[in-house]
Amino acid sequence: MKKALCFFICSAASALAGPAYQVHEWGTFTTVAGSDGELLAGLDREEERLPAFVHSHYGFENGQTPDLEEEQAIWKKYGPPGFGTGSKGLANRPLTGVTVKMETPVIYFHSPEALHATVKVGFEGGTISQWYPARTKGDVPPMPAPPVAPTQRGLPLSAWTLDFSQDYHGSIQWDVDVLSPAESAGKILFKPGDTLSWLRARVPGTNVVKTAKGETEGYLFYRGVGHFNPGLTTTVDTGETLHLDNRSGGKIPYLVAVERQPDLTLRWKEWSNGLEAGASADLEEKGFTPAGKGFAAPLYHAMIKGLADQGLTHDEARAMVETWWNSYFETAGL
């Protein structure tokens, strides 16, 4: 059993927002813990490259080109920042204290008619660093003090470093038109540069959202990084037993542990009834269900059902599992 644990909490929420429509959301908080349960910092890189049209903070690009006007203003005030932009990975701008990646939350609308929506998301402990479509409000990472000497060209990287172990209060707001089902069916969502993960998150039958400037998509998308403990503590003892302790303050309604071993065989364990608040569970080596090598169809079907039981539609649950399948279930580790 691996000593480094990578766990993600599936946020699968179905909120009845009124008699006329529903809002559904899924996403993940990814953490890496040692065998002693301590969360490890350094989650400032992304495996999944985002399409070029996604918006982001300056220095947080992951496949995107920085906003030219913003970049020119920064260079004029601070000089060259000393870190690259536009390459793979979140932290071209240096980060420290990152223990959580908030990855690919997507928000779907289900409405029989058109409406206008204002959507606000708060992220205590982190920044919402990437989003689509364009936001109307949101947090902006603090900038360093400008150079004291007008002739100074550029600041040291230490001046640009963001420390998320300090208090950070992130947020985002969208103001969007939610198109009717008929309008949504006729809307072309194809964009050159769509990635596979981006396409997998689209779900048939949801309403298309549209901004005042004409950006459209089948969902609202955002990502972020931060520093906090999601509440599921994981440890592995000397006898190779995995111990789970739910300190989140609420019930975790559905839980799965998966291990892809170095020889590529997979094994897993499902708690279909979840884990009550304050409860714990132990998983010995013999408690895993073996799935062999290759595609683990039983795990695929079980996770879709488990997420759908929490309020997502079947297609939404399938989209979540398929979006993250390679990263979470085809990579060696627990």
Side-chain angles (χ1 to χ4, degrees), residues 6-11 13 25-34 37-48 50 54-62 64 66-67 70-71 73-74 77-78 81-85 87-107 118-132 134-146 155-174 220-233 247-250:
C6 179
F7 271 81
F8 64 98
I9 294 178
C10 305
S11 172
E25 179 183 43
W26 61 254
T28 72
F29 289 122
T30 301
T31 64
V32 178
E38 289 297 313
L39 297 186
L40 306 180
L43 292 180
D44 51 8
R45 287 289 181 269
E46 292 183 313
E47 297 179 15
E48 299 291 336
L50 292 172
V54 172
H55 306 283
S56 68
H57 296 320
Y58 183 77
F60 283 73
E61 297 84 5
N62 179 14
Q64 301 85 51
D67 180 90
E70 181 182 22
E71 184 170 55
I74 288 174
K77 185 174 183 179
Y78 300 98
F83 54 85
T85 56
S87 61
K88 182 178 179 180
L90 254 176
N92 297 293
R93 180 172 179 177
L95 309 181
T96 186
V98 175
T99 59
V100 177
K101 288 194 294 185
M102 179 175 65
E103 300 188 274
T104 316
V106 290
I107 300 173
T118 296
V119 180
K120 300 178 182 179
V121 178
F123 185 17
E124 290 300 308
T127 181
I128 295 177
S129 54
Q130 299 158 328
W131 59 90
Y132 192 84
R135 65 183 189 175
T136 50
K137 294 180 182 178
D139 74 275
V140 178
M143 303 298 283
L155 296 170
L157 280 178
S158 59
W160 289 95
T161 300
L162 288 173
D163 184 1
F164 282 94
S165 65
Q166 308 299 315
D167 272 349
Y168 198 103
H169 307 281
S171 65
I172 191 169
Q173 177 178 316
W174 289 276
L220 300 176
F221 162 90
Y222 60 105
R223 277 187 182 177
V225 291
H227 182 102
F228 69 96
N229 192 322
L232 177 64
T233 300
R247 303 175 185 174
S248 68

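Under the 3.5 Å distance criterion, the side-chain polar atoms of Q166 are left unmatched by any main-chain donor or acceptor of F164. At least one donor-acceptor pair closer than 3.5 Å links the side chain of R93 to the backbone N or O of W160.
Distance check, rounded to the nearest 0.5 Å: CG of L95 to NE2 of H227 gives 13.5 Å. The OG1 atom of T233 sits 7.5 Å away from the CG atom of L39 when rounded to the nearest 0.5 Å. Rounded to the nearest 0.5 Å, atoms CH2 (W174) and OG1 (T136) are 9.5 Å apart. In this structure, the separation between CG on N92 and OH on Y58 is 9.5 Å, given to the nearest 0.5 Å. Considering OG1 of T31 and NZ of K101, their distance stands at 10.5 Å, rounded to 0.5 Å.
The side-chain heavy atoms of S171 and F123, taken from C-beta on, include no pair separated by under 4.5 Å. Between P142 and L162 the shortest side-chain heavy-atom distance falls below 4.5 Å. Using a 4.5 Å heavy-atom threshold, the side chains of Y222 and R135 count as separate. With a 4.5 Å cut-off on side-chain heavy atoms, F221 and L50 count as touching. Residues V100 and P230 have side chains in contact (heavy-atom distance under 4.5 Å, counting atoms from C-beta outward).
Exactly one of I128, D67, D139 qualifies for a side-chain contact (heavy atoms from CB on, under 4.5 Å) with H57. That residue is D139.
The heavy-atom pair separating P141 from T127 by the smallest distance is CG-OG1, 4.5 Å. Scanning all heavy atoms of the two residues, the minimum distance from P144 to A159 falls at CB-O, 3.2 Å. Of all the heavy atoms in V54 and W131, the pair that sits closest is CG1-O, 3.4 Å.
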Report task. Under the side-chain contact (heavy atoms from CB on, under 4.5 Å) rule, what do F29 and L232 come out as? Steps first, then yes or no, please. Result -> CA-CA 11 Å; F29 289 122; L232 177 64; over 6 Å; no
Query - Verdict with supporting geometry, D163 and T161, side-chain contact (heavy atoms from CB on, under 4.5 Å) - result: CA-CA 6 Å; D163 184 1; T161 300; 5.5 Å; no
Requested in this report: For side-chain contact (heavy atoms from CB on, under 4.5 Å), just list the numbers for T99 and F228, CA-CA rounded to whole Å, side-chain angles, deciding distance to a tenth of an Å, and then say yes or no.
Outcome: CA-CA 7 Å; T99 59; F228 69 96; 5.7 Å; no
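Checked by atom type, the side-chain pair R223/S129 shows no donor-acceptor distance below 3.5 Å. Side-chain contact of Q130 with H55: a donor-acceptor pair under 3.5 Å is absent, judged by distance alone.
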